[in-house]
Asks: 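Have a look at the structure that comes next, please.
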Amino acid sequence: MNQQQTPLSHTIDVTRPSVARMHDYFLGGKDNYPADRRACERLLAHAPSAQILAVNNRRFLHRVIRCLIQDHGIRQFLDIGSGLPTKDNVHEIAQHYAPGAKVAYVDHDPMVLAYGRALLEDYRRTDRRIVTVQADLRDPDALLDHPAVTGILDLHRPVAVLYLSVLHCVADRDRPADIVRRTAARLSPGSFVAVSHLVSEDAAVRRTLTDLMAQSTGGQWGAVRRAEDVDRFFTALDILDPGLVDVAAWRADPLMGPRQRTWEWIQYGGVARVP
Ligand SMILES: C[S@@+](CC[C@H](N)C(=O)[O-])C[C@H]1O[C@@H](n2cnc3c(N)ncnc32)[C@H](O)[C@@H]1O
């Protein structure tokens, strides 16, 4: 852990909005509180597309998992910044396409850990292929060496690392591009990294939405960035077609879900192979 990182919290404070519970609200979940819902409504007033982006991001997640299983034979997933359990969790999607798929869920939020463990407890009695771990993604080595992660994933074999809608929670001072690079450097060739990230090409929008999220979450937020900042996360990786794009358009199904109606920001990203 570097000097600027805070230790992992074990306290759940429902009076202050959390990114995980705001995300849960946007996805139609029930694991959120008035403070989270008020923060979401404030955000929607500035960025009406926020809820649709959350839904479309989950659809991107589904397509990414299907592609990595069916086209690239991936059977291990490391879902970093996994969020609260929801409909169609990564293990449910992955095991639908590959029944033996293994999934390690990682999040720093203690509520994600508690709910994840509660949800998965029954499941884990019969299925030892999933685990929920509390760790901070800003320390990639500690995360990858966590015994619960290494207990389930074999990092000597290809793994898909999912950084979906999470790297915008990481401040510039914590160097998100370095975090991705250091993580990818620990993966075996043929592994994959998937990223989605909130971006805007409008400086005023970036500033307003970054400040709003930082205030709402008590600083548990990094930055809305430019697409070119996110491109740097993929240095030295082989980016799959169609490249880095609005994730709603990434190998989109013809029967697309809800369309984004306002374009103040988008979820931008893609998938890349570790050479
Ligand atoms: C917007 S949610 C995304 C959930 C899910 N990945 C998705 O795409 O639907 C972001 C999640 O990242 C988690 N998170 C934020 N910063 C983190 C960090 N430094 N380490 C681990 N998890 C983090 C939050 O607690 C939250 O659950």
Side-chain angles (χ1 to χ4, degrees), residues 1-2 4-9 12-13 16-29 31-32 36 39-40 43 47 50-65 77-93 103-116 132-144 146 149 160-176 178-180 183 193-198 209 213-214 216-224 247-248 250 265 267-269 271:
M1 194 163 72
N2 72 35
Q4 288 150 336
Q5 285 176 228
T6 45
L8 288 167
S9 165
I12 297 171
D13 177 1
R16 194 181 75 185
S18 86
V19 175
R21 292 193 305 262
M22 287 177 69
H23 191 61
D24 175 72
Y25 177 65
F26 281 146
L27 292 178
D31 300 324
N32 50 75
D36 307 306
C40 284
L43 184 58
Q51 193 262 337
I52 287 173
L53 288 186
V55 173
N56 283 344
N57 178 61
R58 294 302 296 187
R59 291 170 186 256
F60 168 65
L61 167 75
H62 192 124
R63 297 194 299 278
V64 168
I65 294 171
F77 293 86
L78 179 56
D79 184 10
I80 300 182
S82 54
L84 285 159
T86 181
K87 189 171 160 288
D88 293 336
N89 296 296
V90 170
H91 72 279
E92 291 160 329
I93 303 168
V103 180
Y105 292 106
V106 177
D107 205 288
H108 70 165
D109 185 323
M111 184 157 157
V112 172
L113 186 77
Y115 279 55
T132 304
V133 178
Q134 189 184 25
D136 191 322
L137 71 86
R138 294 174 297 172
D139 190 345
D141 289 323
L143 190 160
L144 293 169
H146 193 295
V149 171
V161 174
L162 309 175
Y163 282 115
L164 292 208
S165 201
V166 62
L167 291 168
H168 42 241
C169 300
V170 175
D172 288 343
R173 66 171 180 277
D174 290 316
R175 300 169 180 265
D178 273 5
I179 291 171
V180 176
T183 304
V193 176
V195 174
S196 61
H197 191 297
L198 289 165
L209 297 181
M213 281 303 294
S216 295
T217 61
Q220 300 287 309
W221 187 256
V224 177
V247 301
W250 192 92
W265 59 357
Q267 282 275 13
Y268 175 83
V271 182

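Counting starts at 1 for both ligands and their atoms, following the listed order. Because the structure is a prediction, the values reported are computed rather than measured.
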Asks: Would you mind listing which atoms of ligand 1 come within a distance below 4.0 Å of any non-hydrogen atom of A135?
Replies: 20 (N), 21 (C)
Asks: So, Q220 and S18: side-chain donor and acceptor under 3.5 Å apart, yes or no?
Replies: no
Asks: To which protein heavy atom is atom 8 (O) of ligand 1 closest, and what is the distance rounded to 0.1 Å?
Replies: N57 ND2, 2.7 Å
Asks: With a 3.5 Å distance limit and no angle check, can you tell me whether R138 reaches the backbone of V170 through a side-chain donor-acceptor pair?
Replies: no
Asks: Check ligand 1 against C169 and write out every atom of the ligand that is under 4.0 Å from a heavy-atom position of the residue.
Replies: 15 (C), 16 (N)
Asks: Find the distance between OG (S82) and CG (L137) and round it off to the nearest 0.5 Å.
Replies: 11.0 Å
Asks: Using a 4.0 Å heavy-atom threshold (strictly under), name the region of S82 that reaches ligand 1: side chain, backbone, both or neither.
Replies: backbone
Asks: Show me which atoms of ligand 1 lie under 4.0 Å from any heavy atom of G83.
Replies: 4 (C), 27 (O)
Asks: Can you name the atoms of ligand 1, numbered from 1 with element, that are less than 4.0 Å from a heavy atom of V19?
Replies: 1 (C), 10 (C)
Asks: Among all protein heavy atoms in this structure, tell me which lies nearest to atom 12 (O) of ligand 1, with the distance rounded to 0.1 Å.
Replies: V166 CG2, 3.3 Å
Asks: For H108, enumerate each residue passing the ring-ring contact (aromatic ring centres under 6.0 Å, His included) test, keeping only those at least two apart in sequence or located in another chain.
Replies: none
Asks: Given 3.5 Å as the limit, does a donor-acceptor pair link the side chain of D109 with the main chain of M111, or not?
Replies: yes
Asks: Tell me the protein heavy atom at minimum distance from atom 19 (N) of ligand 1, and give that distance in Å.
Replies: D136 OD1, 2.9 Å
Asks: Any donor-acceptor pair under 3.5 Å linking the side chain of S196 with the backbone of S165?
Replies: yes
Asks: Has ligand 1 got any nitrogen or oxygen that is less than 3.5 angstrom from a nitrogen or oxygen of L137?
Replies: yes
Asks: Less than 3.5 Å between some nitrogen or oxygen of R58 and one of ligand 1, yes or no?
Replies: yes
Asks: State, with a plain yes or no, whether a side-chain heavy atom of D36 is found less than 4.5 Å away from one of Y25.
Replies: no
Asks: Can you tell me if D107 uses its side chain to pair, donor with acceptor, with the backbone of V112 under 3.5 Å?
Replies: no
Asks: Test your reading of the structure: does D109 have an N or O sitting under 3.5 Å from an N or O of ligand 1?
Replies: no
Asks: For atom 25 (O) of ligand 1, what's the nearest protein heavy atom and its distance?
Replies: D107 OD1, 2.7 Å
Asks: Which residue and non-hydrogen atom of the protein lie closest to atom 9 (O) of ligand 1, and at what distance in Å?
Replies: H23 NE2, 2.6 Å
Asks: Decide whether an N or O pair under 3.5 Å exists between L27 and ligand 1.
Replies: no
Asks: Can any side-chain N or O of Y105 pair as donor or acceptor with the backbone N or O of H91 at less than 3.5 Å?
Replies: yes
Asks: Look at atom 10 (C) of ligand 1 and say which protein heavy atom is nearest, naming residue and atom and giving the distance to 0.1 Å.
Replies: S165 O, 3.5 Å
Asks: N/O of G81 under 3.5 Å from N/O of ligand 1, yes or no?
Replies: yes
Asks: Tell me, please, which residues at least two apart from W221 pass ring-ring contact (aromatic ring centres under 6.0 Å, His included).
Replies: H168
Asks: Counting heavy atoms only, which of H108, R138, M22 is nearest atom 21 (C) of ligand 1?
Replies: H108
Asks: Hey, what do you get for CG (L144) to CD1 (I80), rounding to the nearest 0.5 Å?
Replies: 6.5 Å
